[in-house]
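Everything on this sheet refers to the single structure shown next.
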Amino acid sequence: MSLAIKTEDGPAVSPIEPKLEIGAYEALWIEKGATFKRLADRFRADPTALPSDFVEPNVARKCVDKVFDQLRNTNVRNFGIRINHAGDYPFSLRDAKHPIEVLYFQGTWELSETRSVAIVGSREASDLGLRRAAKIAKILVKNGVTVVSGLAKGIDKAALDAAIEINGNVIAVIGTPLGVYYPKENAQLQDLIARDHLLISQVPFLRYHRQDYRQNRAFFPERNATMSALTEATIIVEAGDTSGTLTQAKAALFQGRKLLILESCFERTDITWPAKFEALGAIRIKEPEDIWAALEKGD
C-alpha cells in the first residue's frame, strides 16, 4: 500500500509507505514531552517533512506493529489514514493553530469533501437544548449540508441522531483512538457512523493506551480544533462558561470559520461567554432561518 507525496497545488511527486508513516507518527507521540504544539512546531520548521523524516525506520516499524496489534484487540478491521503532503489529506486542517500531520478514519472519506457544519454544545444539556440541536441538524440536512459533531453525550449525540434519522450525512470527530468508545453509551452510534458515514480520529494509539486516562483528556480540546477546521462553520447550541465547547469557539474564530451562537445562550444570565464571542465576530442566531442566512453570507 502506498500513497503519493503531493505539492500544495501540483501533481504527485513520489510514493510513500503509509504503514511507515503511521509508525513514525506514533513514535513521535511517545517521545518525552510530545504535545500537539511541539509536534506542530517541529513540522512547521520543516514544511516538507513527513513523520518518517524524524524517526528511524526500524523504530517506526516496531511501532506500527504495536498499532495493528491494538487495532486487532479492539476489533477495528477496516480503517484509513490521511497524511499531510499525500493523498486526500484535507488542506483546510492547516488552518488549525497546531495542525495535525496524520489522522485515522473509518467510513466514507468523501463526506469530508462535502459542505459541512459542526453542531456542538454541553454534555449535560437541557431537554430544550437537545430539541434545538435536533431541529438545527434537520435544517442543515434538508439544505444538503453534512452535520459534524464530536460524539459526546448531550448536544453532540442529539445532532447526530437527528441527522441520521432523516437520512442525512454525518461526520463524527472523536477524542479517542479508533476502536475506543467514549462515552461507552454511544458505542452503537459510533459503530454506525464508522460503517455508514465518516468517523475521524487524530489520537495516537500508543500514547493513548500508555498513559493515565486523566492525561488523555487533553486530546479532546484538539479534537474540537480539528472539527472546526474541517467545517465552514460551528453552531453552539448551549454551553456554560467552563464548557469545552468554547475551545471550538476560539478555534473557529482563529481559523477564519463562522461561529454561530443561538439567541437562547445570550438570554441566560448565568454565563458571559456569548457576548464576548459576539464582540469578536460571532453571529447571533435568533431564528432558524438566520442560520442559513449566516452561512450564505459572504465573509
Side-chain angles (χ1 to χ4, degrees), residues 22 26 67-82 90 93 100 102-112 114 116-125 130 133-134 136-138 140-141 145-209 213 216-231 234-235 237 244-245 247-248:
I22 291 173
E26 295 283 341
V67 168
F68 276 77
D69 285 341
Q70 289 186 359
L71 287 166
R72 283 188 288 270
N73 290 337
T74 54
N75 204 33
V76 175
R77 300 181 184 278
N78 298 298
F79 76 100
I81 62 167
R82 289 293 177 259
L93 293 185
I100 57 170
V102 173
L103 58 80
Y104 303 100
F105 72 93
Q106 292 179 285
T108 305
W109 180 254
E110 288 75 16
L111 289 179
S112 70
T114 62
S116 61
V117 171
I119 301 176
V120 295
S122 298
R123 287 178 169 85
E124 304 300 331
L130 296 176
I136 292 168
K138 291 180 179 180
L140 293 176
V141 168
V145 177
T146 296
V147 172
V148 183
S149 203
L151 240 176
K153 67 177 183 178
I155 297 298
D156 288 14
K157 185 176 186 300
L160 294 169
D161 280 341
I164 292 169
E165 180 185 337
I166 61 169
N167 298 316
N169 293 321
V170 304
I171 300 172
V173 185
I174 57 176
T176 62
L178 298 180
V180 176
Y181 303 100
Y182 184 84
K184 293 185 182 300
E185 65 203 59
N186 285 351
Q188 186 175 357
L189 177 59
Q190 181 169 320
D191 286 342
L192 183 151
I193 292 171
R195 184 184 68 243
D196 298 337
H197 298 271
L198 178 59
L199 183 75
I200 293 175
S201 171
Q202 66 192 40
V203 180
F205 292 93
L206 302 187
R207 174 69 173 269
Y208 185 91
H209 288 289
Y213 73 92
N216 283 332
R217 292 171 180 165
F219 289 121
F220 285 91
E222 293 297 335
R223 174 276 306 270
N224 285 93
T226 294
M227 198 191 318
S228 171
L230 282 169
T231 57
T234 289
I235 301 174
V237 176
T245 298
T247 299
Q248 186 153 337

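Both backbone and side-chain heavy atoms feed into the values below; hydrogens, waters and symmetry mates do not. Just so we're clear, the structure is a prediction, and the values are computed from it rather than from any experiment.
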> With no hydrogens and no angle check, is any side-chain donor or acceptor of Thr114 less than 3.5 Å from a backbone partner on Leu111?
Replying inline: yes
>> Please determine whether side-chain contact (heavy atoms from CB on, under 4.5 Å) holds for the pair Leu93 and Thr226, giving the CA-CA distance in whole Å, both sets of side-chain angles, and the decisive distance to 0.1 Å.
In response: CA-CA 7 Å; Leu93 293 185; Thr226 294; 3.8 Å; yes
> If we only count heavy atoms from C-beta on, is the Leu160 to His197 side-chain gap below 4.5 Å?
Replying inline: no
> Looking only at heavy atoms, which two atoms of Gly179 and Val76 are closest? And how far apart?
Replying inline: CA-CG2, 3.5 Å
>> A quick test of your reading: do over 12 heavy atoms of other residues, nucleotides or ligands sit less than 6.0 Å from CD of Gln188?
In response: no
>> Determine whether a donor-acceptor pair (N or O, by modelled atom type, separation under 3.5 Å) exists between the side chain of Arg223 and the backbone of Gly150.
In response: yes
> How far does NE2 of His209 sit from CG of Asn216, to the nearest 0.5 angstrom?
Replying inline: 8.5 Å
> Hey, would you say the Phe68 and Phe79 ring centroids sit under 6.0 Å apart?
Replying inline: yes
>> I want to check something: taking the side chain as every heavy atom from C-beta on, are Val117 and Ile136 in contact at a cut-off of under 4.5 Å?
In response: no
> Taking the side chain from Gln190 and the backbone from Leu151, do they hold a donor-acceptor pair closer than 3.5 Å?
Replying inline: no
> Between Pro183 and Ala152, which heavy-atom pair has the shortest distance, and what is it?
Replying inline: CD-CA, 4.2 Å
> Taking all atoms of both residues into account, what is the closest heavy-atom pair of Phe220 and Asn224, and its distance?
Replying inline: O-OD1, 2.9 Å
> Looking only at heavy atoms, what is the nearest atom pair of Ala118 and Gln248, with distance?
Replying inline: CB-NE2, 3.5 Å
> Given Leu199, which of Thr108, Leu178, Leu192 fulfils the side-chain contact (heavy atoms from CB on, under 4.5 Å) condition?
Replying inline: Leu178
>> So does Glu222 get a backbone contact from the side chain of Gln202, meaning a donor-acceptor N/O pair under 3.5 Å?
In response: yes
> At their closest point, which heavy atom of Ala159 faces which heavy atom of Ala137, and how far apart are they?
Replying inline: O-CB, 3.3 Å
>> Under a 3.5 Å distance rule, please check whether Thr146 uses its side chain to pair with a backbone N or O of Ser116 as donor and acceptor.
In response: no
> Has the side chain of Asp156 got a donor or acceptor atom that lies under 3.5 Å from a matching backbone atom of Ser149?
Replying inline: no
>> Return the OG to CG distance between Ser122 and Leu130, rounded to the nearest 0.5 Å.
In response: 9.5 Å
>> Please report the interatomic distance CD(Glu110) to CG(Leu198), rounded to the nearest 0.5 Å.
In response: 9.0 Å
>> Can you confirm whether Trp109 sits close enough to Ile171 that some side-chain heavy atom of one is under 4.5 Å from a side-chain heavy atom of the other?
In response: no
>> If we ignore hydrogens and angles and just use 3.5 Å, is the side chain of Gln106 paired with the main-chain N or O of Asn78 as donor and acceptor?
In response: yes
> Does any non-hydrogen side-chain atom of Thr176 lie less than 4.5 Å from one of Tyr181?
Replying inline: no
> What is the minimum heavy-atom distance between Pro221 and Thr247, and which atoms define it?
Replying inline: O-CG2, 3.6 Å
> Is a donor on one side and an acceptor on the other found under 3.5 Å between the side chain of Ser201 and the backbone of Val203?
Replying inline: yes
>> For a side-chain contact (heavy atoms from CB on, under 4.5 Å) check, start with the C-alpha distance between Ile164 and Asp196, then their side-chain angles and the critical distance, and finish with the verdict.
In response: CA-CA 10 Å; Ile164 292 169; Asp196 298 337; over 6 Å; no
> If you measure from CD1 on Ile174 to CE on Met227, what distance do you get to the nearest 0.5 Å?
Replying inline: 11.0 Å
> Please walk me through it: do Phe205 and Leu71 pass side-chain contact (heavy atoms from CB on, under 4.5 Å)?
Replying inline: CA-CA 9 Å; Phe205 292 93; Leu71 287 166; 3.5 Å; yes
>> To the closest 0.5 Å, what do you measure between OH (Tyr182) and CZ (Phe219)?
In response: 14.5 Å
